[in-house]
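See below for the structure under consideration.
Side chains are part of it too, since the values below use all heavy atoms of this structure and drop only hydrogens, waters and symmetry mates.
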Amino acid sequence: CGLCASVHLLKLLWSIGRAPAQTFRRAARANPPACLNDPSLGTHCYVRIKDSGLRFHYVAAGERGRPLMLLLHGFPEFWYSWRHQLREFKSEYRVVALDLRGYGESDAPTHQESYKLDCLIADIKDILDSLGYSKCVLIGHDWGGMIAWLIAICYPEMIMKLIVINFPHPSVFTDYILRHPAQLFRSSFYYFFQIPWFPEFMFSINDFKALKHLFTSQSTGIGRRGRRLTTDDLEAYIYVFSQPGALSGPMNHYRNIFNCLPLKHHMVTTPTLLLWGEEDAFMEAEMAEVTKVYVKNYFRLTVLSEGSHWLQQDQPDIVNRLIWAFLREETRRE
């Protein structure tokens, strides 16, 4: 944590030295970009959970009563990262793209302890109940993939099919990161986020330059060899995370991870598809292959050679086709 803080402090001092006014500039964003209200993506809805009292925002597409497909985003994302899947799967599913606790328009508790993995798992279970479903197809990407794995471990009866994008089984991740310095370096932001308030500040300087860099740079960005973000897409992310306090909730997810891992229970008994972008800048591809050890059911791994970490956004056509094939193949098998 101290090493990461020192590196970012040097970056801050360098930025101030070069352009102090630019460092602390933030553009005013009073209104959301039009793409966030695109009716082709679905309807904006809210649900309040009885036990926690929290209100969650989601976008739903497809007719009520159809099988539920629940989509869990990663960091730093929100429901909009599933825009291509909302359009694609609404023909046969009730597709729900959720803003996780602390993200977007969902409620964001102020206490760090409110973001323990147990709370995040309970959120998904309670939301499923509130939507009137007992089972769903569960799809998670990045941090949402972590939550999806944990749901599959703790509540296998809730999941018909599990699909995870660019996140290994949590036990693989915790073991691998301790044994491989390269992955420890790639995951350095996990340690940086343990520091109070400073990471939020660093993400916001230079009008959220760090956020833009994540999505657009040559090393980490979306669409290096696939579909790029449009200007409106990028502005949607910046608009959401530029709202007052909008970064604290997402980072609080990471501030509890070392209290929750490693896991006591490991095995997944749900049919599982793991999709992986080989050019992921944050996760080494070797973890994907090891994950099959923890799935005691049908398991399929597909690695896309030109896919980035943001796989469902930069290779949406291929990802959607692979998901359809997995869902239909498993239906026939059953």
Side-chain angles (χ1 to χ4, degrees), residues 1-2 4-9 11-12 15 23-30 32 36 46-49 52-58 72-81 97-124 127 140-147 150 167 187-215 220 234-261 282:
C1 293
C4 291
S6 299
V7 170
H8 284 279
L9 182 60
K11 290 182 179 179
L12 174 62
S15 180
T23 298
F24 300 104
R25 182 185 69 86
R26 289 180 60 172
R29 295 180 173 89
L36 292 183
Y46 300 86
V47 60
R48 188 172 296 277
I49 303 304
S52 67
L54 297 180
R55 189 182 77 155
F56 287 83
H57 168 256
Y58 63 91
L72 309 180
H73 63 79
F75 173 88
E77 299 173 283
F78 63 113
W79 69 266
Y80 188 69
S81 64
L98 184 68
D99 278 343
L100 295 175
R101 175 185 293 223
Y103 281 86
E105 295 184 55
S106 291
D107 283 350
T110 55
H111 297 294
Q112 180 177 319
E113 292 75 17
S114 299
Y115 295 87
K116 290 182 178 179
L117 289 174
D118 288 347
C119 298
L120 307 181
I121 295 169
D123 285 344
I124 306 307
I127 287 168
H141 167 250
D142 183 69
W143 185 257
M146 163 79 85
I147 298 172
L150 295 174
F167 200 92
S187 302
S188 60
F189 63 94
Y190 278 67
Y191 301 94
F192 179 50
F193 290 171
Q194 305 308 307
I195 305 165
W197 72 262
F198 187 51
E200 288 94 324
F201 175 72
M202 287 301 296
F203 258 73
S204 67
I205 64 172
N206 291 300
D207 195 32
F208 296 89
K209 182 179 178 180
L211 188 64
K212 298 173 187 175
H213 183 271
L214 275 177
F215 288 124
T220 66
L234 183 59
E235 187 59 30
Y237 283 99
I238 299 171
Y239 169 79
V240 166
F241 289 105
S242 65
Q243 302 307 303
L247 285 166
S248 293
M251 291 186 183
N252 279 336
H253 281 246
Y254 291 89
R255 289 171 176 145
N256 286 285
I257 189 170
F258 296 112
N259 295 326
C260 306
L261 297 176
F282 308 104

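- Summarising the geometry of S52 relative to I49, their closest heavy-atom pair is OG-CB, 3.6 Å, with the distance given to 0.1 Å.
- L36 approaches P32 most closely through the heavy-atom pair CD1-CB, 4.1 Å.
- In this structure the side chain of L117 never reaches within 4.5 angstrom of the side chain of N256, judged on heavy atoms.
- Looking at R101 and F56, their side chains come closer than 4.5 Å, going by heavy atoms from C-beta outward.
- Summarising the geometry, atom CG belonging to L72 is positioned 11.5 Å from atom CG belonging to D142; distances are rounded to the nearest 0.5 Å.
- Separation of the F192 and H8 ring centroids falls under the 6.0 Å cut-off.
- The side-chain heavy atoms of Y237 and E77, taken from C-beta on, include a pair separated by under 4.5 Å.
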Q) Please walk me through it: do F208 and L214 pass side chain to side chain contact (heavy atoms under 4.5 Å, CB included)? A) CA-CA 10 Å; F208 296 89; L214 275 177; over 6 Å; no
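- In terms of heavy atoms, L211 sits closest to P76 at CD1-CG, 3.4 Å.
- For the atom pair I127 CD1 and Y58 OH, the distance stands at 9.5 Å (nearest 0.5 Å).
- Between the K212 side chain and the D207 main chain, a donor and an acceptor come within less than 3.5 Å of each other.
- Checked against a 6.0 Å centroid threshold, the rings of Y254 and Y115 do not count as neighbours.
- The structure places OG of S114 at 8.5 Å from CG of N252, a figure rounded to the nearest 0.5 Å.
- Taking 4.5 Å as the limit, every side-chain heavy atom of F75 sits out of range of all side-chain heavy atoms of H253.
- Taking both residues in full, the closest heavy atoms of A5 and F198 are given as O-CE2, 3.9 Å, listed atom of the first, atom of the second, then distance.
- Sorted by first and then second residue, the pairs that involve residues 237-257 and meet salt bridge (Lys or Arg N to Asp or Glu O under 4.0 Å), not counting sequence neighbours, are E200-R255.
- Looking at F167, Y80, Y103, W143 one by one, the single match for ring-ring contact (aromatic ring centres under 6.0 Å, His included) with H73 turns out to be Y103.
- A heavy-atom distance below 4.5 Å is not found between the side chains of C4 and F189.
- Distance check: I205 CD1 to R25 CZ gives 12.0 Å after rounding to the nearest 0.5 Å.
- A 4.5 Å side-chain heavy-atom check between T23 and L12 finds at least one atom pair inside the cut-off.
- Side-chain contact check for F78 versus E105: every heavy-atom pair is 4.5 Å or farther apart.
- Heavy atoms of other residues, nucleotides or ligands lying less than 6.0 angstrom from NZ of K209 number 12 at most.
- Going from atom CZ of F203 over to atom CG of L247 covers 7.0 Å, rounded to the nearest 0.5 Å.
- Proximity of a side-chain donor or acceptor of S248 to a complementary backbone N or O of T110 within less than 3.5 Å is not detected.
- Residue L54 holds its CG atom at 8.0 Å from CZ of R48, rounded to the nearest 0.5 Å.
- In this structure, R29 fails the cation-pi test against Y239, since its NZ or CZ atom is not both closer than 6.0 Å to the six-membered ring centre and inside 45 degrees of the ring normal.
- Judged as a side-chain hydrogen bond (donor to acceptor under 3.5 Å, both in side chains), and not counting sequence neighbours, Y190 has no contacts.
- Nearest approach of S15 to N206, heavy atoms of both residues: OG-ND2, 3.1 Å.
- Taking the side chain as every heavy atom from C-beta outward, L100 and L120 never approach each other to under 4.5 Å.
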